[in-house]
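Working notes for the structure below.
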Amino acid sequence: MHVLVIGSGAREHALLLALRRDPEVDGLSVAPGNAGTSAVADQYDVDVTSSGAVVALARRVGADLVVIGPEVPLVLGVADAVRAAGIACFGPSKDAARIEGSKAFAKDVMDAAGVRTAASEIVDNPARLDAALDRFGPAAGQRAWVVKDDGLAAGKGVVVSDDRDVARAHAASLLDSGHPVLLESFLDGPEVSLFCVVDGETVVPLLPAQDFKRVGDHDTGPNTGGMGAYAPLSWLPESAVRSIVTDVVEPVAAELVRRGSSFSGLLYAGLAITSDGPAVVEFNCRFGDPETQAVLALLDTPLGGLLRAAATGELAAQPPLHWRDGAAVTVVVAAENYPGRPRVGDVIVGAELEGVLHAGTSRRDDGSVVSAGGRVLSVVGTGADLTAARAAAYAVLDSIRLPGSHFRTDIGLAAAEGEISI
Ligand code: GLY
């Protein structure tokens, strides 16, 4: 099977490495990729938001399966075009991808499916902003205001703050640039990312993971696309995972089928485990980054067969998934100033080390690997338990040099020390 992976992050690097372990996969291509993925797959610099370009590339490389990593091509309908060309595609249709592309659509689906989520209100008129802010956050007895861009914002459209001026300024700047704002009630409790391979009403959960969205240790500083993750979650009982599947993901998948927007691909449920049980923070229509880097490090089941089964309507016939024992941790190395405008173009030392996945990297003509984006590398460590996995990841980080870069030192630490409870 020849697989074409679309995307350029560490998530796609992890997907490629897991696909390479599948004995049925005998060819790998990637577009546009990065300096690390070029060592794993044939790399093509095409515009992955163009359906025509992706279909042409899939035909050119003889792809049997196209796996679309990022949300933007999915929301634009690239998966529909690949399927229309008669090529199997892992990734939802444009219609189904609205579960991530429009938070208002996601809320409507969750309401209809009876799924618990934060109370919310869309504000599209600046004149209504102050009154709406009064109905949320500390003004309404909650810990903080949660202000989101209604559309796609690469994780950076969310501000969670107990400072009304900060919340208001973010909302006002979104409205100024013509983006409707979603105000949400604050959900208290540890967060869980549960990735489910979904094909219509068939739902196969992967290991639960937790990601770290704030830039600084102890959840300080602004939100990012994700600074690290670990899996599995020793503090989350298996019964809780089962109830997330049966009470949250299956009803949402069934509601999408009922609406004629059947989901095929990876449905990512982001939840808070509140004192009243799980409540949805967000749905995404693709593998999460950086959780994928940790989750796939533990997957024993061949990934190509699993994704092809979902893409071809055979997921229900798949045997149960197999996982390696132990834990995995991924730590993101970010460029100076990220999540602001990142410093780029610096030579990276250690980019070729075992366990290092590439994201914002490119190769110079002289062969050296340089930084080319905000999140530059994902360093993955595995071990018999979370403490060992953390030690493995941070040992590799000791050997990486990138001027001005930064990473969090506390990925998975609270869980390793038994400090998370529900
Ligand atoms: N880990 C957050 C995301 O993938 O959106």
Side-chain angles (χ1 to χ4, degrees), residues 5-15 67-75 90-92 97-103 106 117-118 146 148-160 182 184 187 190-198 205-216 219 221-233 244 249 265-273 280-297 328-334 338-339 357 359-360 373-380 407-408 410-412 415:
V5 173
I6 299 299
S8 62
R11 165 184 55 204
E12 286 74 27
H13 199 172
L15 283 164
V67 176
I68 301 183
E71 61 276 19
V72 172
L74 294 166
V75 167
F90 184 81
R98 285 180 296 162
I99 196 82
E100 174 166 1
S102 165
K103 294 190 174 59
T117 181
V146 180
K148 296 183 174 178
D149 187 332
D150 180 53
L152 294 179
K156 292 185 269 178
V158 184
V159 160
V160 180
L182 189 80
E184 278 188 347
L187 292 173
E191 290 197 5
V192 173
S193 301
L194 187 67
F195 298 170
C196 296
V197 179
V198 171
L206 307 187
L207 288 182
Q210 189 175 53
D211 75 341
F212 294 74
K213 295 196 175 80
R214 302 275 188 151
V215 72
D219 293 330
N223 262 30
T224 68
M227 293 298 290
Y230 67 94
L233 307 181
I244 293 169
V249 186
L266 196 290
L267 188 53
Y268 164 148
L271 308 115
I273 309 299
V280 173
V281 176
E282 63 180 356
F283 273 104
N284 293 319
C285 66
R286 36 85 197 169
F287 281 98
D289 188 339
E291 300 97 311
T292 299
Q293 293 86 302
V295 170
L296 292 185
V329 171
T330 182
V331 182
V332 168
V333 178
Y338 177 81
L357 303 177
R375 291 191 293 171
V376 181
L377 304 170
S378 272
V379 178
V380 181
F407 59 84
R408 280 184 64 160
D410 63 346
I411 303 300

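Whatever order the structure lists ligands and atoms in, that order sets their numbers, starting from 1. Starting from 1, each residue takes its place in the sequence as its number.
- Which parts of ligand 1 touch Asn284 is read off a 4.0 Å heavy-atom cut-off, strictly below it: atoms 5 (O).
- The pair Lys213-Asp219 does not meet the salt-bridge criterion, since no charged nitrogen lies less than 4.0 angstrom from a carboxylate oxygen.
- Between Phe287 and Phe195, the two ring planes are perpendicular [angle over 60°; tilted spans 30° to 60°].
- Look at Lys103 and Glu282 and you find no salt bridge, because none of the NZ, NE, NH1 or NH2 atoms lies under 4.0 Å from a carboxylate O.
- Under the salt bridge (charged side-chain N to carboxylate O under 4.0 Å, His left out) criterion, Arg286 pairs with Glu71, Glu100, sequence neighbours left out.
- Heavy-atom proximity to Arg286, at under 4.0 Å, picks out these atoms of ligand 1: 3 (C), 4 (O), 5 (O).
- Remark: ligand 1 atoms within the under-4.0 Å shell around heavy atoms of Asp211 are 1 (N), 2 (C).
- Atoms of ligand 1 lying under 4.0 Å from at least one heavy atom of Tyr268, given by number and element, are 1 (N), 2 (C), 3 (C), 4 (O).
- Set against the non-hydrogen atoms of Gly288, the atoms of ligand 1 under 4.0 Å away are 4 (O).
- With sequence neighbours left out, Asp410 forms a side chain to side chain contact (heavy atoms under 4.5 Å, CB included) with Asp217, His218, Arg408, Leu413.
- Residue Lys213 has no nitrogen or oxygen atom sitting less than 3.5 Å from a nitrogen or oxygen atom of ligand 1, judged on distance alone.
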